[in-house]
Amino acid sequence: MSDHCHQYRAYLVGDDGVFRSAEAFEAASDASALSFAQQFTRHGKVEVWQLDRKVAVLEPEQPPPNLLTPQ
């Protein structure tokens, strides 16, 4: 079993398509990197990169539907 980690970055993308911030982190796989980066979607769209390879684009979290609507 290998515990070798890879370098990733999660970029917060502004409405204008420009990167607003970045978070560098390590993960053992693309799946674990995406799981980690999901937390940043509360701030907007996130692009996840491993070196020069775009892994995925994660869309912003949406509030649960009907959260405050009366039943």
**Report entry** Verify same cluster id: Trp49, Val46 (apolar side-chain graph, 4.5 Å)
**Finding:** no
Query raised in the report: Would Tyr11 end up clustered with Leu34 when hydrophobic side chains under 4.5 Å apart are linked, directly or stepwise?
Result: no
Query raised in the report: Where is the tightest heavy-atom contact between Arg9 and Ala24, given as atom of each residue plus distance?
Result: NH1-CB, 3.7 Å
Requested in this report: Show your working on side-chain contact (heavy atoms from CB on, under 4.5 Å) between Leu12 and Phe19 and close with a plain yes or no.
Outcome: CA-CA 6 Å; Leu12 184 60; Phe19 291 159; over 6 Å; no
Query raised in the report: Which salt bridge (charged side-chain N to carboxylate O under 4.0 Å, His left out) pairs, counting each pair once, include a residue from residues 25-44, with sequence neighbours left out?
Result: Asp30-Arg53
Query raised in the report: Can you name the residues that form a side chain to side chain donor-acceptor pair (under 3.5 Å) with Ser32, not counting sequence neighbours?
Result: Ser29
Query raised in the report: Same cluster or not: are Leu58 and Phe36 linked, directly or through other Ile, Leu, Val, Met, Phe, Trp or Tyr residues, by side-chain heavy atoms under 4.5 angstrom apart?
Result: yes
Query - Under 3.5 Å side-chain donor-acceptor pair for Gln38 and Ser35 - result: no
Query raised in the report: Which pairs, with at least one residue in residues 10-19 and sequence neighbours excluded, count as a salt bridge (charged side-chain N to carboxylate O under 4.0 Å, His left out)?
Result: none
**Report entry** Contact summary for Glu47 and Val57, nearest pair of heavy atoms
**Finding:** CG-CG2, 3.9 Å
**Report entry** Within-4.5 Å side-chain heavy-atom neighbours: Gln50 and Gln7
**Finding:** no
